[in-house]
Amino acid sequence: APHLATASPLTFPPTFRWGAATAAYQIEGAANEGGRTASIWDTFSRTPGKVRNGDTGDIAADHYHRMREDVALMAELGLTDYRFSVSWPRIQPTGRGPANQKGLDFYRALVDELHAHHIRPVLTLYHWDLPQELEDAGGWPERDTAQRFADYTALVAEALGDRVRTWTTLNEPWCAAFLGYAEGVHAPGRTEPEAALRAAHHLNLAHGLAVGVLRDLVHPSSEVSLTLNLAAVRPLTDGPADRDAARRIDALANRIFLDPVFRGHYAQDLRADTGLLTDWSFVRDGDLEITSRPIDALGINYYTPTVVAAGSHPVPSPWPAAPAHARFLQAPGPRTAMDWPVDAGGLYELLTRLRDELPDTPLIVTENGAAYDDYTDPEGEVHDPERIAYLRSHLKAVHRAMAEGADVRGYFLWSLLDNFEWAYGYSKRFGMVHVDFASQRRTPKNSARWYADVAAHGRLPGVNCDQPGLA
Ligand code: GBH
């Protein structure tokens, strides 16, 4: 029949990695256990007015105490890979000095448990939890923080370099620099645009230093990568003013990381656009050789496109020097519980752009997913049909980009579990597994069953059989 939509399921290569992602502060809890001390997120979340409902990561999803149960759940769902982050203040409570053995023990046990279930650990060294003592010394705008990160990387690499083969230095340095130091909606909550630009450079430097440390210390077959939340920037119209606004945002969102890492420079237009804020003298001789040390893959986190027009938007803003030149609009169409438009085309645009600009760099979607309110029926089944639709459309976009030559090696759903959604606390649920934060009971949502089926067969079921149980 010509309209049989189920006729050609979208198949992925047998080597494709099917994962889920989390981050230490968002799931672990046990904030004061095992020798851990405060990170900037502990301080920020304990500051009234910073996080919705006054939520903190003190308990979170209690993963620190439920790690084995959570790994068993991953195995039950058939994940091939698990992306997690290491908590810097668990490993190095003051951000300096020797390793805290209890911190290393937790991650070694996690990695061993993953291997016992044939799940590949994908380790991120930094997902935003800077030790508070380093922020007290100036934080990421301070050059020394990059060196501190290199030292911390060596402690983790020495302890786990024999058993982890996939390493990511930083998660989303854009958020760490610009949400943390310019807009102030993330920890440490500073609103200093010039400091944010310095933070961005020092994060790039930290990345490059860590690449060098990892190459020296971890198993030579290891893969070293960086994860960026690249913006799929679209000008509102084709007119020159809107296109120029989009160029500025592309520079501040994307090229400020892609250029130093893959091309060893910062673009002239970026330097010119930010020229009133800084002279870029924080970039020292030799830095760009360090930031551009070769890496093996690029991780991309994608949620929603960025639509830009000429105009201005309010400060504080995450866009240093751009508030007077760019305003932001929502893409049309349905929104998630974050109010973020659902638009899988942005993921396709990013992947095909990177295919063209970085033809020799394998790509991994290290985060994609959506927050939705779910519904538990009287039988206890957790329904989240919008999440299934979101995942399906974005995986179709990945498949299409791959069919057109993008070298995408894997996909990680954000997130395994409902968790501490930063400034939104526990009010937004990104998990494919529901967490009852009173009892800490885990219940896979229908999306988890759907995703397990996709992972098991390496293909998207046809649109006529996407109901769980019918695939
Ligand atoms: C990721 O950040 C994080 O890595 C992860 O920890 C987090 O839980 C997850 O996403 C969900 O938030 O401002 O409306 O134009 C993503 C952060 C999300 C920042 C999209 C830029 C643009 C939407 N990015 N956001 S909007």
Side-chain angles (χ1 to χ4, degrees), residues 19-28 39 41 44-45 51-52 55 57 60-61 63 83-85 87 122 124-129 168-180 182-187 203 226-234 236 246 249 252-254 257 299-309 313-314 316-319 322 326-333 335-343 346-347 350 364-372 387 390 394 412-432 435:
T22 63
Y25 189 70
Q26 294 181 272
I27 65 164
E28 285 180 2
S39 76
W41 267 98
F44 188 75
S45 65
V51 173
R52 196 173 283 190
D55 291 341
H63 171 73
R83 175 175 181 259
F84 63 96
S85 79
S87 162
V122 176
T124 298
L125 285 157
Y126 187 71
H127 200 125
W128 309 351
D129 43 2
T168 301
T169 55
L170 310 175
N171 177 72
E172 301 191 348
W174 182 86
C175 293
F178 297 114
L179 300 181
E183 192 178 16
V185 295
H186 278 189
L203 283 153
L226 165 70
T227 282
L228 300 175
N229 58 310
L230 296 174
V233 185
R234 293 180 192 152
L236 180 63
I249 297 307
L252 282 164
N254 301 327
F257 302 106
I300 298 127
N301 294 353
Y302 174 80
Y303 291 90
T304 192
T306 304
V307 182
V308 180
H313 68 281
S317 144
W319 305 105
R327 69 194 164 93
F328 294 85
L329 298 99
Q330 296 273 41
R335 314 261 180 94
T336 71
M338 298 296 282
D339 219 24
W340 297 346
V342 178
D343 187 329
L347 181 53
L350 274 179
I364 305 160
V365 178
T366 38
E367 285 181 25
N368 176 243
Y372 284 110
R387 179 171 290 101
Y390 182 99
H394 288 72
F412 290 74
L413 191 157
W414 184 271
S415 181
L416 176 70
L417 303 170
D418 290 336
N419 60 48
F420 176 81
E421 176 50 31
W422 306 115
Y424 295 85
Y426 300 99
S427 70
K428 303 293 177 196
R429 293 177 175 272
F430 274 89
M432 64 168 153
V435 177

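In each ligand, atom 1 is the first atom listed, and ligand 1 is the first ligand listed.
- Looking only at heavy atoms of the protein, atom 8 (O) of ligand 1 is closest to E421 OE1, 2.6 Å.
- One finds a salt bridge joining E367 and R83 here, because a Lys/Arg side-chain nitrogen approaches an Asp/Glu carboxylate oxygen to under 4.0 Å.
- Remark: minimum distance from atom 22 (C) of ligand 1 to any protein heavy atom is reached at T304 CG2, 4.2 Å.
- Scanning the protein heavy atoms around atom 2 (O) of ligand 1, the nearest turns out to be E172 OE1, 2.8 Å.
- In this structure, atom 13 (O) of ligand 1 lies nearest to the protein heavy atom W340 NE1, 4.4 Å.
- Under the 4.0 Å distance rule, the nearest protein heavy atom to atom 15 (O) of ligand 1 falls outside the cut-off.
- A heavy-atom separation below 4.0 Å is not found between A23 and ligand 1.
- Under a 4.0 angstrom heavy-atom cut-off, W128 registers as being in contact with ligand 1.
- Neither side chain, N229 nor N171, offers a donor N or O lying under 3.5 Å from an acceptor on the other.
- Of all protein heavy atoms, the one lying nearest to atom 3 (C) of ligand 1 is E367 OE1, 3.3 Å.
- The shortest N/O to N/O separation between W414 and ligand 1 falls below 3.5 Å.
- Counted within 6.0 Å of OH on Y424, heavy atoms from surrounding residues, nucleotides or ligands total 12 or fewer; the atom is thus considered open.
- Residue Y303 places at least one N or O, backbone or side chain, under 3.5 Å from an N or O of ligand 1.
- Scanning the protein for heavy atoms near atom 21 (C) of ligand 1, the closest one is W174 CZ3, 4.3 Å.
- Contact check on D343 versus R234 returns a salt bridge, with a Lys/Arg side-chain nitrogen under 4.0 Å from an Asp/Glu carboxylate oxygen.
- Note on ligand 1: H127 sits in its first shell, one or more heavy atoms being nearer than 4.0 Å.
- Annotation: W422 places an N or O atom under 3.5 Å from an N or O atom of ligand 1; distance criterion only.
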